[in-house]
Participant: 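Attaching a single structure in structure tokens format; questions to follow.
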Amino acid sequence: MSQVRVRFAPSPTGFLHIGGVRTALFNWLFARQQQGVFILRIEDTDQSRSTDESIQAILQGMKWVGLDWDEGPFRQTERMDLYRSHAMKLFETGHAYWCVCKAEELEARRKEAEAKGLSPRYDGRCRNLRITNPPGDAALRFKAPQEGQTVIDDLIKGKVVFDNTVVDDLIILRSNGYPTYNFSVVVDDALMGITHVVRGDDHLTNTPRQIPIFEALGFAVPRFGHLPMILGADKTRLSKRHGATSIMAYRDMGYLPEAMVNYLVRLGWSHGDQELFTRQELIDKFSWGHVQKSAAVFNPDKLLWMNAEYIKTSPPAQVAQALVPLLEQDGLKQEVEAVSGKWLAQLVVLVKERAKTLVEMVDWVRPYFGQGATFEVEAAKKFLTPTTAPLLQKLLTRFEVLPSFSKQVWEDSFKKLVEEEGIKMGALAQPVRVALTGRTASPGLFEVMEVLGRDRTLFRLRKGVERASLQ
RNA sequence: GUCCCCAUCGUCUAGCCUGGCCUAGGACAUUGCCCUUUCAAGGCAGUAACACGGGUUCAAAUCCCGUUGGGGACACCA
């Protein structure tokens, strides 16, 4: 069997959509598993909607989720000669003809047909005109077979049969000389040696239009696979009104690329009961047979859970690295530069169990930068009171005589004081928590002290006593 | 309207191809309990589904037909 060659072929008309990422992912996974080739092709033949910014967004998105391509990115606008020469070849072999119908006329006829309840197909009126010297604004149409059936043995849907009577003669070269999608795709897929065309199932009905073109051109027909769509909570096609759909928006919301990949693959594919997969496991275990045939509803809750799992289990240094840009955006650039990567990783370990996103993590981590704590007003009011001041002072006095920080020793010392005072843990823990972090919620106190270090712990305790004495 | 695809808990899904082991499993969400210095995390338990109707069969979530419902496509967009 020859080498697998697959492609991802987005059109650059906006940001990279998460549905697009999933399509790319399935192709990429299959290529990596089969030691095949993954090609990136930009379908920009619609010059009015394509933009360079979109191309950049696509490349950026692909890189962020770690989908590397082996060939490309190719741009269709750089391959115009290929489409034109193959179109002329079809004309010369009698598989295509010039059509002089005006776009407005076609539109009007389509509307008329629809109004009568007929299917809005091209009526084929130029088919037998045998125009050989077309006017400059003529379009070239493919002469589609009108009898028989086109059968697709789909990788995902299985056998799908279309009557050829339902496909009309589609335009392959517009009057401006640009190829249309259904034609340029065929030429590229054939010329690039694509063995498996895997795309969204919104393309399923395009397939019986494309197969006859492969055949007319004398090319081998690739295998096809049509992935089910991603839906919003209301079961309609996922769009902006369901929330963020741009892959980069998820980076900005604090999602880890590994979590996005895992979630997106699991949306429509499964391997028994397993939910979490490493990239390598995905490559090893992927199979078309377990790709779901039906559309799937995008569930932000499950994605959030999965992101939390990745935050908890990924190497802390890696999470810290992803966190840094968000920290800097949040105005902590100087503070971040002042600390070591090792300490940052330690910080991640401190809070990773409570942050479901990196954005949440920024908030959890903020109290540990800088010398002093910033007290939340309500927290200070409740716990740093004149009654707690002497208690805090006693703890401070005991800690001050300890030469260096030791979790065990400091915790013992703390508990001993609680015992001697005959108070509950919380009665001392909460004021200390507020003194150290400025907040009423934080990780375990002694883990906090460890991250803060002896000096800052004592400093903040002192400030806490001061604040408590004030009220 | 025509054509195509699809149908298991609220959601993602296992099971379906190769009927019986399904009293339908897992995960997210949700509810309760436990743990606990706070907030989380974690542990345990609970609620919750084979769309409907006909067949075939000793036996159907699984095979067949129909109905209903959902989605997609019908451009000189991709």
Side-chain angles (χ1 to χ4, degrees), chain A residues 9-13 43-46 48-50 99 101-103 106-107 110 113-122 137-141 152 154 156-158 160-163 165-168 170-176 178-182 184-185 200-209 226 228-229 231 233 235-237 263 266-276 289-290 292-306 308 312 351-356 364 383 414-415 418 424-430 432-434 437 439-446:
Chain A
S11 60
T13 54
E43 312 224 317
D44 58 348
T45 53
D46 181 354
S48 64
R49 295 201 304 152
S50 300
C99 173
C101 297
K102 297 275 176 281
L106 293 168
E107 180 69 31
R110 205 166 23 243
E114 256 172 84
K116 284 182 190 164
L118 300 170
S119 69
R121 312 166 53 229
Y122 176 61
D137 62 349
L140 194 64
R141 278 187 193 270
I152 304 165
D154 195 274
I156 295 156
K157 311 268 185 193
V160 183
V161 180
F162 291 89
D163 269 325
T165 50
V166 304
V167 334
D168 57 2
L170 74 167
I171 286 178
I172 57 178
L173 230 47
R174 291 188 261 250
S175 52
N176 66 4
Y178 277 66
T180 53
Y181 164 76
N182 274 305
S184 55
V185 168
D201 72 8
D202 48 340
H203 284 289
L204 188 52
T205 52
N206 278 326
T207 306
R209 317 183 72 150
H226 291 92
M229 304 268 83
L231 273 26
K235 305 240 180 191
T236 62
R237 204 177 168 144
Y263 177 73
R266 262 302 271 107
L267 191 62
W269 173 81
S270 61
H271 186 264
D273 289 338
Q274 190 172 349
E275 296 285 353
L276 272 7
H290 284 93
Q292 199 76 3
K293 287 179 178 161
S294 50
V297 174
F298 182 78
N299 184 349
D301 277 340
K302 188 154 186 180
L303 170 62
L304 188 62
W305 166 79
M306 199 165 274
K312 279 184 283 188
V351 302
K352 66 178 183 176
E353 250 138 54
R354 26 219 116 206
K356 289 183 189 296
W364 272 104
F383 293 108
F414 181 99
K415 283 184 174 158
V418 167
K424 284 191 188 168
M425 273 291 262
L428 182 58
Q430 282 305 82
V432 169
R433 189 181 313 282
V434 176
T437 69
R439 303 179 184 183
T440 55
S442 84
L445 279 186
F446 304 98

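In what follows, chains are A, B, ... by sequence order, proteins preceding strands, each numbered from 1. Just so it is clear, the structure is predicted and the values come from calculations on it, not from any experiment. What you see below is based on every heavy atom in this structure, not just the backbone, and it leaves out hydrogens, waters and symmetry mates.
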Participant: Going by the rule salt bridge (charged side-chain N to carboxylate O under 4.0 Å, His left out), which residues pair with A:Glu43 if we only count those two or more places apart in sequence or in a different chain?
Facilitator: A:Arg41
Participant: What's the CE-C1' distance between A:Met306 and B:U11, to the nearest Å?
Facilitator: 13 Å
Participant: Any base atoms under 4.0 Å from A:Thr45, or only sugar-phosphate, or nothing? Heavy atoms, all strands.
Facilitator: sugar-phosphate
Participant: Sequence neighbours left out, what passes salt bridge (charged side-chain N to carboxylate O under 4.0 Å, His left out) with A:Lys356? Give chain and number order.
Facilitator: none
Participant: Side chains of A:Thr180 and A:Asn182: do they bring a donor and an acceptor to under 3.5 Å?
Facilitator: no
Participant: In Watson-Crick or G-U wobble terms, both distances under 3.5 Å, what is the partner of B:U36?
Facilitator: none
Participant: Of all residues at least two apart in sequence or in a different chain, which pass the ring pair (Phe, Tyr, Trp, His ring centres under 6.0 Å) check with A:Phe414?
Facilitator: A:Phe446
Participant: Paired with B:G10 by Watson-Crick or G-U wobble geometry, both distances under 3.5 Å: which nucleotide is it?
Facilitator: B:C28
Participant: Just to be sure I understand the rule, does A:Val167 reach a base, reach only the sugar-phosphate, or reach nothing, if contact means heavy atoms closer than 4.0 Å?
Facilitator: nothing
Participant: Is there a Watson-Crick or G-U wobble partner for B:U67 with both distances under 3.5 Å, and which nucleotide is it?
Facilitator: B:A51
Participant: Taking ring pair (Phe, Tyr, Trp, His ring centres under 6.0 Å) as the definition, give me every residue that meets it alongside A:Tyr263, ordered by chain and number, with sequence neighbours left out.
Facilitator: A:Phe298
Participant: Using ring pair (Phe, Tyr, Trp, His ring centres under 6.0 Å) as the criterion, list what pairs up with A:Phe162, not counting sequence neighbours.
Facilitator: none
Participant: Rounded to whole Å, how long is the line connecting atom CD1 of A:Ile156 with atom C1' of B:C5?
Facilitator: 12 Å
Participant: Answer yes or no: is there a side-chain heavy-atom contact under 4.5 Å between A:Ile156 and A:His226?
Facilitator: no
Participant: Quote, to the nearest angstrom, the P distance that separates B:U23 from B:C16.
Facilitator: 16 Å
Participant: Under the rule for side-chain hydrogen bond (donor to acceptor under 3.5 Å, both in side chains), what residues qualify as partners of A:Asp44, not counting sequence neighbours?
Facilitator: A:Arg75, A:Thr77
Participant: How would you list, by chain and number, every residue that makes a salt bridge (charged side-chain N to carboxylate O under 4.0 Å, His left out) with A:Lys302, sequence neighbours excluded?
Facilitator: A:Glu275
Participant: Who is the Watson-Crick or G-U wobble partner of B:C74, with both distances under 3.5 Å?
Facilitator: B:G1
Participant: How does protein reach along nucleotides 25-44 of chain B, written 5' to 3' as B (base within reach of a heavy atom under 4.0 Å), S (only sugar-phosphate), or - (no contact)?
Facilitator: BBBSS-------BBBBSS--
Participant: Can you tell me the base-pairing partner of B:U57? Count Watson-Crick or G-U wobble geometry only, both distances below 3.5 Å, and say none if there is no partner.
Facilitator: none
Participant: Give the B/S/- string for nucleotides 63-76 of chain B, one per nucleotide from 5' to 3', where a protein heavy atom under 4.0 Å of the base yields B, of only the sugar-phosphate yields S, and otherwise -.
Facilitator: --------SBSBSB
Participant: List for me each residue that meets side-chain hydrogen bond (donor to acceptor under 3.5 Å, both in side chains) alongside A:Asp137, sequence neighbours excluded, and say none if there are none.
Facilitator: A:Lys102
Participant: Sequence neighbours excluded, which residues qualify as salt bridge (charged side-chain N to carboxylate O under 4.0 Å, His left out) partners of A:Arg141?
Facilitator: none
Participant: N/O contacts under 3.5 Å, protein versus nucleotides 15-21 of chain B?
Facilitator:
none

